[in-house]
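The basis for the numbers below is simple: all heavy atoms, side chains too, and nothing from hydrogens, waters or symmetry mates. We number each residue from 1, following the sequence as shown. Keep in mind it's a predicted model, so treat the numbers as computed, not measured.
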Amino acid sequence: MSASVFSATSTVVCSHLSFSWPDDTPLFTDLSFTVGAGATGLVAPNGAGKSTLLRLIAGELRPTAGSVTVGGTLGYLSQTLPLLDDRDVAEMLGVAPTIAALDALAAGDSGDEVFAAIGEDWDVEERTRAQLDRLGLGHVSLDRPLSTLSGGEVVTLGLARELLRRPDVLLLDEPTNNLDSDARHRLYSALDDFTGCLLLVSHDRVLLDRMDRIAELYRGEIDFFGGNFSAYQDAVDDARHTAEGAVRSAEQHLKREKRQRQQAREPAARRSNTAKRNLKDAGLPKIVSGAMKRRAQETAGRTDDVHARRIDDARSRLDDAERALRDDDALVLDLPDTTVPAGRTVLDIKGLRISRDGRELLAATDLVVRGPERIALTGPNGAGKTTLLRTLLGEIEPDDGTIQKGDGRVAYLSQRLDLLDDDRSVAENLAAAAPGLSMTRRRHLLAQFLFRGDVDRLVRTLSGGERLRATLACVLFAEPAPQLLLLDEPTNNLDLVSVGQLESALAAYRGAFVVVSHDESFLDGIGVDRVLRVEDGNLTQG
């Protein structure tokens, strides 16, 4: 991302920032950094505190210690926006009072309160309509209730609201969540023209590749990398290879030091045994032989101490090298029970019609899914993609048509990851999904999903990435194994490590799946065979 002119006053300065949760668990300690004008992408594993850091900068949370200084006016778009709300569009955008004052003035009310409400915003309605047009919401009237809009439309309205405030500093938390492909590209274009300080959290690799720099929050510290996300990945990969080489070198050094100590001990032991025999044969007085024995032991001890110090130094070097390694664990799975033969019909739809609130979402449609097909379901926000998945699952009755499923189980992964029981542990949830497995087998399977010493944690305490892994374990190892997966925006609110883990799980899955996603990089990563598009009541290829 590049803008021709940056604002010199647009900055965020965090000085010695510390933050702890109410139970005194620390999240940051003595964190200091400055973000200037231009576009900065903030990346970190789930649970590291990206969203919390934005909330601290926005003033929604108070730091335990330290300070936050924002240069200029601030705009902040959080992940949580109202989807069911009594307000209308103008109220959410924050322009309703000004437009009401302009209407009152046009009706003849020229009181001081009217002029105070208008201020300098005489063109507020024109600016609002222009901003909505630019973001693809030109069809949305200002008096339309928020409850009638899709999630993607509400997210886009949230961005429009912040841009209308003309901020110097703009904070965005996962701004492309729920956005269709067209809406994403309009957002990219709008952010390209932003000339202040932009700090955003996102797992959208296309958006992150438009950044001027990447800020990585890792192990409680922030490091900055010049260039976009691809450049950052290259730098991280180089650092990982260097660290892995350092670990191998340190391990070899430690082995060498241990071997040398053992080699030094063996001749010392032989000399000690020989000396004992010689002293005995020489018939020397005990006081003389004892002194000679002590000197031999002291010499051997000093030699051993030297080697012990060298071993300690080698261990310390290995510890330092291992700390430099990243612990972004990958999933390595084998899922043979999910195998679907190439010719088997998994899903057969004939004449399917779906409508909602009097609007036809899907006209008479036929679709056949055979074998382990990988299908991406795309289309504009509000076109009916989620409704179609829920219809295939059996949660919604179609208006017409038939849905014939194969013999295997159909599993559904919603974007809310709400399949699990929050009040049960990870192990208990898997036991409920796969009661036929032994406890030992369940723990072994959970270890493959990176749950090793924490299988007894309650699900409600898990981060987004941990919840994803627990849900995948319960979905993929439930009995019987699923042969058709339905996934609805599965990458929403996931960090990049978790997205990679989801890609790994789907690469190991041997059945068919239909996935709703607008994440182009994710769809490339999972190797879809077919792309279907829902739009204007039709289901078409590509």
Side-chain angles (χ1 to χ4, degrees), residues 3-7 9-10 37 39 58-60 70-78 80-173 175-176 178-179 182-200 381-382:
S4 56
V5 179
F6 288 142
S7 170
T9 60
S10 305
E60 287 194 351
V70 175
T73 58
L74 176 71
Y76 170 51
L77 179 66
S78 73
T80 53
L81 290 170
L83 297 181
L84 296 174
D85 199 301
D86 293 334
R87 293 180 296 168
D88 61 24
V89 168
E91 288 173 312
M92 180 184 175
L93 293 175
V95 299
T98 308
I99 290 176
L102 287 167
D103 290 341
L105 183 63
D109 186 350
S110 57
D112 291 341
E113 291 181 358
V114 170
F115 283 99
I118 296 172
E120 300 296 324
D121 282 338
W122 294 93
D123 63 342
V124 63
E125 192 161 0
E126 290 77 10
R127 285 197 305 111
T128 301
R129 293 266 34 122
Q131 191 65 258
L132 292 180
D133 286 343
R134 184 181 186 192
L135 293 174
L137 297 177
H139 62 287
V140 176
S141 62
L142 295 180
D143 60 354
R144 184 169 170 180
L146 291 184
S147 58
T148 65
L149 301 176
S150 71
E153 288 170 329
V154 173
V155 171
T156 304
L157 276 178
L159 177 63
R161 179 191 63 202
E162 300 309 322
L163 293 176
L164 282 169
R165 293 173 178 173
R166 294 179 276 207
D168 299 298
V169 175
L170 181 59
L171 310 177
L172 303 178
D173 194 356
T176 59
N178 301 302
L179 297 190
D182 290 341
R184 286 184 181 222
H185 284 278
R186 284 190 290 266
L187 177 140
Y188 300 157
S189 178
L191 296 184
D192 281 346
D193 293 336
F194 183 71
T195 57
C197 170
L198 171 64
L199 178 61
L200 66 83
N381 291 127

Review point. Taking all non-hydrogen atoms of both residues, which atom of L163 and which atom of A190 are closest, and how far apart?
Key: CD1-CB, 4.3 Å
Revision key, fill the gap. Of all heavy-atom pairs linking A101 and I118, the shortest is CB-CG1, 3.7 Å
Practice item. Answer whether the closest heavy-atom distance between the side chains of L137 and Q131 falls below 4.5 Å. Key: no
**Study point:** CG-CZ distance between L164 and R127, expressed to the nearest 0.5 angstrom
**Key:** 5.5 Å
Check your understanding: What is the distance from atom CG of L171 to atom SG of C197, rounded to the nearest 0.5 Å?
Key -> 7.5 Å
Exercise for review: Using a 4.5 Å cut-off on heavy atoms from C-beta on, say whether the side chain of S110 contacts that of L105.
Suggested key: yes
Review point. So does E126 have more than 12 non-hydrogen atoms from other groups sitting under 6.0 Å from CD?
Key: yes
**Study point:** Side-chain heavy atoms of T156 within contact of N381, under 4.5 Å
**Key:** no
Review point. Is there a side-chain contact between P175 and L187 (heavy atoms, below 4.5 Å)?
Key: yes
**Study point:** Note, L102 side chain near D121 side chain (heavy atom, < 4.5 Å)
**Key:** no
Review point. Would you call V169 and Y76 a side-chain contact if the rule is heavy atoms closer than 4.5 Å?
Key: no
Check your understanding: Does E91 use its side chain to pair, donor to acceptor, with the backbone of D88 at less than 3.5 Å?
Key -> yes
Exercise for review: Would you check, one step at a time, whether the test side-chain contact (heavy atoms from CB on, under 4.5 Å) holds for E125 with V95?
Suggested key: CA-CA 8 Å; E125 192 161 0; V95 299; over 6 Å; no
**Study point:** Nearest non-hydrogen partners of G75 and P167, listed with the distance
**Key:** N-CB, 3.6 Å
Study note, to complete from the structure: Taken to the nearest 0.5 Å, the spacing of L132 CG from R161 CZ works out to 12.5 Å
Exercise for review: Please list, chain by chain and in numerical order, all residues satisfying side-chain hydrogen bond (donor to acceptor under 3.5 Å, both in side chains) with T73, sequence neighbours excluded.
Suggested key: D168
Review point. Can you list the residues that meet the side-chain hydrogen bond (donor to acceptor under 3.5 Å, both in side chains) rule with R129, with sequence neighbours excluded?
Key: none
Review point. Can you check whether L179's main-chain N or O pairs, donor with acceptor, with R184's side chain at less than 3.5 Å?
Key: yes
Study note, to complete from the structure: Scanning both residues in full, the closest heavy-atom pair of G94 with P97 reads O-CD, 4.1 Å
Review point. Is the CG atom of D112 crowded by more than 12 outside heavy atoms at less than 6.0 Å?
Key: no
Point to revise | Rounded distance (nearest 0.5 Å) linking atom OG1 of T195 with atom CG of D193 | key: 9.0 Å
Revision key, fill the gap. So CG of L170 and CG of L77: to nearest 0.5 Å the spacing works out to 7.5 Å
Review point. Tell me, do M92 and V154 make a side-chain contact under 4.5 Å, heavy atoms counted?
Key: yes
Study note, to complete from the structure: Residues passing the salt bridge (charged side-chain N to carboxylate O under 4.0 Å, His left out) test with R186, sequence neighbours excluded, are none
